[in-house]
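For reference, the structure discussed in these notes is given below.
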Amino acid sequence: MNLEVFSLCDIAAIDKAGKLSVIGAFDTIWADTVPISYPQCAVALRIRFEGLERGEHKVVVNFVDIDGHHIVQPASGTISINFPDDQRSASANLVLNLQMLKLGSYGEYSIDLLIDEQNAGSLPLFVKPIAQLQKAKE
C-alpha cells in the first residue's frame with residue numbers, strides 16, 4: 001500500500017470517472033479569536049494497492065487535538081480493492097467533507113489515518129492567532 005495523496009484542503013471531489021480533484025491544500029488556519037467554526041474543508045486521500053493487497057481494507061480517519069481528544073467523530077468504512085490480474089496495482093480515492101469544524105483553541109491538531117488498524121499517515125493542522133501573521137509581514 002502506498003499513500004499517494006493525503007491532504008487537508010478547501011475542496012476535494014471525485015468525478016464520475018474516478019479522478020480526484022484537490023483545491024487549496026493547507027495546514028494552518030489564522031483566526032482572530034478562538035473558539036472558531038471553520039466553515040468548510042475536506043480531507044482528500046488517494047491510496048494505491050498492489051496485487052497482493054486485493055480485498056477489503058478498513059479505513060479510519062481521526063481528527064484530534066493535541067491531547068488526543070476527538071474534534072469530530074471518527075470516520076470509518078471499508079473499501080474493496082479488486083482489479084484484473086494483468087494490472088499491477090489499483091488506487092482508491094476517498095474524500096471526507098467537514099462542515100463547521102469547531103476548533104476550541106490555538107495550537108496543533110492532528111488528522112490521523114489508519115488502514116487495517118495500522119497507522120498510515122498523519123497531518124498536522126495549526127490554529128494560530130492572525131496577529132502572528134501580521135507581525136511576520138512587518
Side-chain angles (χ1 to χ4, degrees):
M1 184 218 51
N2 182 35
L3 192 57
E4 292 182 343
V5 174
F6 183 27
S7 181
L8 178 62
C9 56
D10 292 325
I11 300 168
I14 302 168
D15 71 11
K16 291 179 184 178
K19 183 170 51 174
L20 175 67
S21 296
V22 177
I23 299 172
F26 66 93
D27 68 358
T28 304
I29 294 173
W30 300 97
D32 286 324
T33 61
V34 289
I36 65 164
S37 290
Y38 199 73
Q40 176 182 318
C41 59
V43 176
L45 293 157
R46 180 177 175 87
I47 310 162
R48 180 157 306 276
F49 295 90
E50 300 297 322
L52 295 173
E53 297 171 310
R54 285 181 177 90
E56 290 196 348
H57 298 275
K58 184 177 181 183
V59 179
V60 178
V61 177
N62 291 308
F63 201 136
V64 297
D65 64 17
I66 196 73
D67 296 322
H69 299 111
H70 289 276
I71 301 303
V72 296
Q73 290 295 319
S76 64
T78 302
I79 55 174
S80 184
I81 303 299
N82 193 9
F83 51 95
D85 288 337
D86 64 347
Q87 188 174 322
R88 185 174 61 86
S89 65
S91 62
N93 296 323
L94 302 167
V95 171
L96 174 61
N97 289 303
L98 301 166
Q99 303 291 322
M100 299 309 294
L101 181 63
K102 293 181 182 172
L103 301 165
S105 61
Y106 295 117
E108 186 173 345
Y109 296 81
S110 182
I111 303 166
D112 302 323
L113 174 65
L114 300 170
I115 299 177
D116 297 329
E117 300 180 0
Q118 301 293 315
N119 185 15
S122 186
L123 295 173
L125 171 62
F126 305 100
V127 177
K128 296 182 178 181
I130 201 159
Q132 252 184 1
L133 177 64
Q134 293 165 342
K135 284 182 184 177
K137 290 181 178 181
E138 294 174 355

Spell out, as yes or no, whether a donor-acceptor pair under 3.5 Å connects the side chain of D116 to the backbone of Q118.
no

Minimum heavy-atom separation for L3 and G121, please, with both atom names.
CD2-CA, 4.4 Å

For residues 25-39, please give each side-chain donor-acceptor pair under 3.5 Å, one per line with the distance, not counting sequence neighbours.
none

Flag, side chain of E53 to backbone of E50, donor-acceptor distance under 3.5 Å:
yes

Distance-only check: which donor-acceptor pairs under 3.5 Å involve side-chain atoms of residues 74-89, not counting sequence neighbours?
{"from": "Q87", "atom 1": "NE2", "to": "S89", "atom 2": "O", "distance (Å)": "2.7"}
{"from": "S89", "atom 1": "OG", "to": "R48", "atom 2": "NH1", "distance (Å)": "3.0"}

Using a side-chain heavy atom cutoff under 4.5 Å and only I, L, V, M, F, W and Y, what cluster partners does V60 have?
L114

Donor-acceptor pairs under 3.5 Å, side chain of residues 6-13 to any protein atom, not counting sequence neighbours: which ones?
none

For residues 64-71, which side-chain donor-acceptor pairs fall under 3.5 Å, sequence neighbours excluded?
{"from": "D65", "atom 1": "OD1", "to": "D67", "atom 2": "N", "distance (Å)": "3.0"}
{"from": "D65", "atom 1": "OD1", "to": "G68", "atom 2": "N", "distance (Å)": "3.1"}
{"from": "D65", "atom 1": "OD1", "to": "H69", "atom 2": "N", "distance (Å)": "2.9"}

For residues 91-103, which side-chain donor-acceptor pairs fall under 3.5 Å, sequence neighbours excluded?
{"from": "S91", "atom 1": "OG", "to": "R46", "atom 2": "NH1", "distance (Å)": "3.4"}
{"from": "S91", "atom 1": "OG", "to": "R46", "atom 2": "NH2", "distance (Å)": "3.0"}
{"from": "N93", "atom 1": "OD1", "to": "R46", "atom 2": "NH1", "distance (Å)": "3.1"}
{"from": "N93", "atom 1": "ND2", "to": "G18", "atom 2": "O", "distance (Å)": "2.6"}

Do L113 and L20 land in one hydrophobic cluster if side-chain heavy atoms of ILVMFWY residues count as linked below 4.5 Å?
no

Can you hop from L123 to V5 via hydrophobic side chains spaced under 4.5 Å?
no

CG/L125 to OG/S110 distance, rounded to the nearest 0.5 angstrom?
9.5 Å

If you group Ile, Leu, Val, Met, Phe, Trp and Tyr by side-chain heavy-atom gaps below 4.5 Å, do V72 and I111 land in one group?
yes

Could you check if a side-chain atom of I47 sits within less than 4.5 angstrom of a side-chain atom of F49, using non-hydrogen atoms only?
yes

Can you measure from CD (Q132) to OH (Y106) and round to the nearest 0.5 angstrom?
9.0 Å

